[in-house]
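Let me begin by presenting the structure, written as structure tokens, before commenting on it.
Note on naming: letters A, B, ... go to the chains in the order of the sequence lines (proteins, then strands), and numbering restarts at 1 for each one. Computed from a predicted model, the values in this text were never measured in an experiment.
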There are 2 protein chains.
Amino acid sequence: MDNETSLRNERKRGSGVKVVYDILRDEILDLELPPGSPIDEVQLSERFGMSRTPIREALVRLAGEGLIDTLPNRSTMVSPIDFLNMHSYFDALVLMYRVTTQLAAKYHRPEDLEVVRALQAEFAAAVEAQDALAMISTNAALHLAIAEAGRNPYFTGLFTRLLNEGRRILRLYYQSYNDRLPRRFVEEHDEIIAAVAARDTELAERLAREHAEQIVSQVQKLLVRGDRLDIQL
Amino acid sequence: MDNETSLRNERKRGSGVKVVYDILRDEILDLELPPGSPIDEVQLSERFGMSRTPIREALVRLAGEGLIDTLPNRSTMVSPIDFLNMHSYFDALVLMYRVTTQLAAKYHRPEDLEVVRALQAEFAAAVEAQDALAMISTNAALHLAIAEAGRNPYFTGLFTRLLNEGRRILRLYYQSYNDRLPRRFVEEHDEIIAAVAARDTELAERLAREHAEQIVSQVQKLLVRGDRLDIQL
DNA sequence: TGCATATTTCTTGTCGACAAATTAAATACA
DNA sequence: TGTATTTAATTTGTCGACAAGAAATATGCA
């Protein structure tokens, strides 16, 4: 990728770290860098046309979010997906779905709903177009927008992290996303948004819970199928 | 502190970052570095007797946990405590109390309870000795041990962060911790531990919730009092 | 040939120095 | 005297180089 190194001289001071961080983060979440991939600092510094210092800073941040694992004095690699403790993940995901949606119903402002509805339209379009990748990302963006409307940075922070992890997992199985299930998700989204708009916290929470459990059970099915196919990570 | 610089030559490769990180983290949480304090890299590098590189790495990690704020190309400082959005904090704290205790009741193993009971004994001793600082730290350690028994790293991660934040807040008001309220906490802890040991998830969750709300309402009283005293941060 | 030891290679961790951005100080001007 | 502009000083961001630790390779010995 020489268009990255060519940016060497026109780069603003301090922006280098963010660029590297963003690109690597996306590549990890999109599985372009699959779990277990070795991360070589000099290689990256050559690729991005900068010294190892900003690269290392980006890597430290990625490690802080659990996206890469660093073995002291030894290699660093993309974090494996922990299929063994997946139930922990699902527990946390469902709870964050519930609580962020509930808080959104409580604290949202009119302008929040505009963003949410726009993203829901994008999600519906992705479903209509059978674009599984777009479904995954717009779905995450939608639920994150709802969470933002709840205005609790602690929950949105954890939820962001969980949705990112989910992006990696779903990426593995996006082929299986071609049945009619996504249409049901569109309807459920509409119901959730309506409950949020009506400030019905109880209903919003219940719908979010059912929606989340729906997704989880679906993903779990995919995981079981994956295990049978001996997918290794 | 020359005993820190004197470690210059006997330092193991790679340990420098951890040392700086741990020390700064404690100093921030104990309010030895109060919110808003400027963080100077060269000053720290002189203090710890190492170059700016490992110092910066430690600072990046601290920034990742929200303990310091970095202004690009400008100074970096200890993060202020956000009193305006305190309710977000309390919401998250109460929920984590509830969910981690509930999971502990579900998933704990016998050896977990030994650790928990030992920490509860420490907490009781701190209460008996009227040592407010020890109360704060042993209380956090106790609840974190309970959370660990629940075996959900996502929840324990967020809970750790929240308890740390709480350490900073309580530190502000530890003088006010001299009434008989802590004794009640000891009893509540005993009840919670008993419910966890009995694997009564519902009871454990309810007790944890009441316990957490107890603490929150108490801290809120302190905060109101603090505002009246015009404490600035 | 098989195994232990020594050597080389490779990657990371740390360092000192320089350059850019910002703030503080100093100077010029009305 | 007060304000605007220029200059100096301070602090961060980046760089290239070196050293330490671990892995890979080569060497020595039975």
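Here B:Leu59 lies out of heavy-atom contact (under 4.0 Å) with every strand. B:Glu41 comes within contact range of the sugar-phosphate backbone alone, with a heavy-atom separation under 4.0 Å but no base atom that close. Contacts of A:Thr76 with the nucleic acid, taken as non-hydrogen atoms under 4.0 Å apart, involve only primed sugar atoms and P, OP1 or OP2.
Among the nucleotides C:dT22, C:dT14, C:dA17, the one closest to the side chain of A:Arg52 is C:dT14. Nearest to the side chain of A:Thr53, among C:dT11, D:dC15, C:dC15, sits D:dC15. Side-chain proximity of B:Ser51 to the nucleotides C:dG16, D:dA22, D:dC15 is greatest for C:dG16.
Across the protein-nucleic acid pair, A:Leu71 atom CG and D:dG21 atom P stand 17 Å apart, rounded to whole Å. When rounded to the nearest whole Å, the span between CG of B:Leu44 and C1' of D:dT10 equals 16 Å. As a whole-Å value, the separation of B:Gln43 CD from D:dT10 P is 14 Å. Per the geometry, CG belonging to B:Asp40 stands 18 Å off P belonging to C:dT22, to the nearest Å. Atom-to-atom, CZ of A:Arg56 to C1' of C:dT11 comes out at 10 Å; the value is rounded to the nearest Å. One can place CD of B:Glu46 at 12 Å from P of C:dG16, the figure rounded to the nearest angstrom. The distance from atom CZ of A:Arg74 to atom P of D:dA22 is 7 Å, rounded to the nearest whole Å. Computed from coordinates, the B:Ile55 CD1 to D:dG13 C1' distance equals 16 Å when rounded to whole Å.
A:Arg52 pairs with exactly one of A:Glu57, A:Glu46, A:Glu41 by the side-chain hydrogen bond (donor to acceptor under 3.5 Å, both in side chains) rule, that one being A:Glu41.
Closest-nucleotide positions on DNA chain D for B:Ser75 and A:Asn73 were compared, and the one nearer the 5' end corresponds to B:Ser75.
Judged purely by atom type and a 3.5 angstrom limit, A:Asn85 has no side-chain atom pairing as donor or acceptor with the backbone of A:Ser88.
Here the closest non-hydrogen pair linking A:Ile193 and A:Arg117 is CG2-NE, 4.1 Å.
Ring orientation note: the planes of A:Tyr107 and B:His87 are tilted relative to one another, at an angle of 30° to 60°.
B:Arg167 and B:Asp30 are joined by a salt bridge, as a carboxylate oxygen and a charged side-chain nitrogen come within less than 4.0 angstrom of each other.
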